Engineer: 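Let me give you the structure first, and then I'll get to my questions.
Bear in mind that the values here come from a model prediction, so they are computed numbers and not experimental data. Remember, it's 1-based here, ligands and their atoms both numbered in the order they're listed.
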Amino acid sequence: MTGKMQAAIIDGRAVSASVRERIKAEVSGMETKPGLAVIIVGNDPASAVYVRNKKRGCEEVGFNSWVYELPENTTEDELLSLIDRLNVEKDVHGILVQLPLPRHIDESHITERIVPEKDVDAFHSINVGKILKGEAALLPCTPAGIMELLRYYDIKISGARCVVVGRSNIVGKPMAILLLAADGTVTVCHSKTKELASVTKEADILVSAVGKAKFITADMVKPGAVIIDVGMNRDENGKLCGDVDFGSVSAIASYITPVPGGVGPMTISMLLQNTLTAAKNIIQTN
Ligand code: NAP
């Protein structure tokens with residue numbers, strides 16, 4: 001064992017504030033304000049908090065925003081026709097449908113209906129394809145937020161061994177693609193990965209997007225690694241926590257994101273960034 005170290009904390013709140021300042025400054029010079037429409041179906045309390053925070057984020061940077069609160073029994077057709085209207089509404093540059101949707105609505109029908117230019121979550125197949133090809137204007141918010149954190153702290157990705165645990169369409173897979181595009185050597189792990197600890201221990205940059213409290217322990221981490229914790233879980237006392245056993249891992253890592261205050265605050269800032277990008281692209285082509 002080498003000498004004891006204590007990881008530097010990656011401060012997502014501070015980076016997020018600086019991103020919002022940058023967006024706000026740009027918006028103040030724009031004749032047409034970017035506009036984001038957010039749709040929420042049903043009464044999921046966690047979703048309601050996310051939507052409120054998104055609206056607040058829009059207000060903070062000077063965007064227009066509209067929240068459509070639809071009842072739980074909204075039909076897929078009703079939701080699709082609202083999307084059709086927003087797709088052609090000229091003041092709306094970004095459309096976001098808060099997930100999860102009630103079970104009777106097919107999520108993929110909804111995400112595929114939003115025109116790709118207004119798809120600020122970057123879930124549409126066309127945008128996913130562009131991400132894969134390195135041609136995307138709109139990037140998936142959580143992975144894009146992580147890239148912004150790594151940039152801000154000057155953490156070198158090129159040549160680094162990057163291990164992503166989790167392969168969801170919204171976090172794990174696009175995260176791996178962005179790290180690869182930045183010249184990382186990327187391994188993606190999932191629930192069928194054998195000897196997970198031996199893989200994670202190789203990582204210079206370890207991203208955990210699993211959704212299990214205290215899943216990543218110190219024995220799974222290489223001393224000096226950069227640890228990015230995407231997880232949002234509750235511990236045994238009901239307190240918000242990530243996937244990483246923060247106490248033990250922060251004693252050997254070089255950088256670590258806390259939960260809360262790490263990756264989480266970046267996600268909405270990246271949504272705002274995408275809305276600004278979408279607005280500029282739409283305004284330019286009209
Ligand atoms: P998800 O769709 O449930 O995916 C979880 C992934 O973890 C899956 O790929 C799964 O593998 C993998 N996994 C599960 N058990 C495992 C194990 N024992 N060993 C290795 N891999 C395992 O979750 P998600 O949507 O990606 O979200 C992940 C976490 O991030 C959640 O806690 C979520 O709340 C949080 N999150 C945070 C933000 C933010 O802004 N901070 C944004 C999005 C998500 P399989 O594919 O084999 O099942």
Engineer: Using only atom types and a distance under 3.5 Å, with no angle test, would you say the side chain of Asp229 pairs donor to acceptor with the backbone of Thr257?
Structural biologist: no
Engineer: In ligand 1, which numbered atoms sit nearer than 4.0 Å to a non-hydrogen atom of Ile170?
Structural biologist: 25 (O)
Engineer: Might you work through the side-chain contact (heavy atoms from CB on, under 4.5 Å) test for His124 and Ile114, ending with a clear yes or no?
Structural biologist: CA-CA 7 Å; His124 192 289; Ile114 297 169; 5.5 Å; no
Engineer: Considering distance alone, does some N or O of Ser191 sit under 3.5 Å from an N or O of ligand 1?
Structural biologist: yes
Engineer: Note the single closest protein heavy atom to atom 13 (N) of ligand 1, along with its residue, its atom name and the distance in Å.
Structural biologist: Val210 CG1, 3.8 Å
Engineer: Side chain of Lys33, backbone of Met30: donor and acceptor closer than 3.5 Å?
Structural biologist: yes
Engineer: Answer yes if Tyr50 and Leu36 sit in the same cluster of Ile, Leu, Val, Met, Phe, Trp and Tyr residues linked by side chain heavy atoms under 4.5 Å apart, and no otherwise.
Structural biologist: no
Engineer: So is Thr193 close enough to ligand 1, meaning a heavy atom under 4.0 angstrom away?
Structural biologist: no
Engineer: Identify the protein heavy atom lying closest to atom 35 (C) of ligand 1, giving its residue, its atom name and the separation to 0.1 Å.
Structural biologist: Val230 O, 3.4 Å
Engineer: I need the single residue from Leu82, Asn87, Ile83 that forms a side-chain contact (heavy atoms from CB on, under 4.5 Å) with Arg85. Which is it?
Structural biologist: Leu82
Engineer: Closest non-hydrogen protein atom to atom 43 (C) of ligand 1, residue and atom name please, with distance?
Structural biologist: Val171 CG2, 3.7 Å
Engineer: Set out, in order, the CA-CA distance, both residues' side-chain angles and the distance that settles salt bridge (Lys or Arg N to Asp or Glu O under 4.0 Å) for Glu60 and Lys54, then state yes or no.
Structural biologist: CA-CA 10 Å; Glu60 196 185 318; Lys54 286 166 186 174; over 6 Å; no
Engineer: Return yes when Gly264 approaches ligand 1 closer than 4.0 angstrom through a heavy atom, no otherwise.
Structural biologist: yes
Engineer: Based purely on interatomic distance, does Asp243 place a nitrogen or oxygen under 3.5 Å from a nitrogen or oxygen of ligand 1?
Structural biologist: no
Engineer: Could you tell me whether a side-chain N or O of Glu112 sits under 3.5 Å from a main-chain N or O of Ser125, the two making a donor and an acceptor?
Structural biologist: yes
Engineer: To which protein heavy atom is atom 4 (O) of ligand 1 closest, and what is the distance rounded to 0.1 Å?
Structural biologist: Ser168 CB, 3.9 Å
Engineer: Please tabulate, for side-chain N and O atoms in residues 7-17, each donor-acceptor pair with protein atoms closer than 3.5 Å (sequence neighbours left out).
Structural biologist:
{"from": "Asp11", "atom 1": "OD1", "to": "Arg13", "atom 2": "N", "distance (Å)": "3.1"}
{"from": "Asp11", "atom 1": "OD1", "to": "Ala14", "atom 2": "N", "distance (Å)": "3.1"}
{"from": "Ser16", "atom 1": "OG", "to": "Pro265", "atom 2": "O", "distance (Å)": "3.1"}
{"from": "Ser16", "atom 1": "OG", "to": "Ser269", "atom 2": "OG", "distance (Å)": "2.6"}

Engineer: May I ask you to identify the nearest protein heavy atom to atom 29 (C) of ligand 1, giving residue, atom name and distance to one decimal place in Å?
Structural biologist: Gly211 N, 3.8 Å
Engineer: Going by side-chain contact (heavy atoms from CB on, under 4.5 Å), Val165 matches just one of Leu196, Val230, Val207. Which one?
Structural biologist: Leu196
Engineer: Examine ligand 1 and decide if any of its atoms is less than 4.0 Å from a heavy atom belonging to Met266.
Structural biologist: no
Engineer: Determine, step by step, whether Glu59 and Ser65 satisfy the side chain to side chain donor-acceptor pair (under 3.5 Å) criterion, reporting the C-alpha distance in whole Å, the side-chain angles of both residues, the deciding distance to 0.1 Å, and the verdict.
Structural biologist: CA-CA 8 Å; Glu59 285 161 2; Ser65 64; 4.9 Å; no
Engineer: Hey, which atoms in ligand 1 end up nearer than 4.0 Å to a heavy atom of Gly166?
Structural biologist: 6 (C), 7 (O), 9 (O)
Engineer: Roughly how far, to the nearest 0.5 Å, is CG of Asn281 from CG of Asn274?
Structural biologist: 10.5 Å
Engineer: Minimum distance, heavy atoms only, to atom 15 (N) of ligand 1: which one of His190, Lys212, Arg234 is it?
Structural biologist: Lys212
Engineer: Hey, does the side chain of Asp204 reach the backbone of Arg161 with a donor-acceptor pair shorter than 3.5 angstrom?
Structural biologist: yes
Engineer: In terms of atom number and element, which parts of ligand 1 are under 4.0 angstrom from non-hydrogen atoms of Thr267?
Structural biologist: 39 (C), 40 (O)
Engineer: Give the atoms of ligand 1, by number and element, whose distance to some non-hydrogen atom of Ala209 is under 4.0 Å.
Structural biologist: 5 (C), 6 (C), 7 (O), 28 (C)
Engineer: If hydrogens are left out, which of Met232, Met270, Lys192 has an atom nearest to atom 34 (O) of ligand 1, that is, the closest non-hydrogen atom?
Structural biologist: Met232
Engineer: Members other than Val128 in its cluster, when Ile, Leu, Val, Met, Phe, Trp, Tyr link by side-chain heavy atoms under 4.5 Å?
Structural biologist: none
Engineer: Under 4.0 Å from a heavy atom of Asn233: which atoms of ligand 1 are those, numbered in the order shown and with their elements?
Structural biologist: 32 (O)
Engineer: Which residue supplies the protein heavy atom nearest to atom 42 (C) of ligand 1, what is that atom called, and how far is it?
Structural biologist: Thr142 OG1, 3.3 Å
Engineer: Which residue and atom name correspond to the protein heavy atom nearest atom 8 (C) of ligand 1, and how close is it?
Structural biologist: Arg167 N, 4.0 Å
Engineer: Answer with yes or no whether Gly172 contacts ligand 1, where contact means a heavy atom under 4.0 Å from a ligand atom.
Structural biologist: no
Engineer: Could you find the nearest protein heavy atom to atom 17 (C) of ligand 1 and give me its residue, atom name and distance?
Structural biologist: Phe215 CZ, 3.5 Å
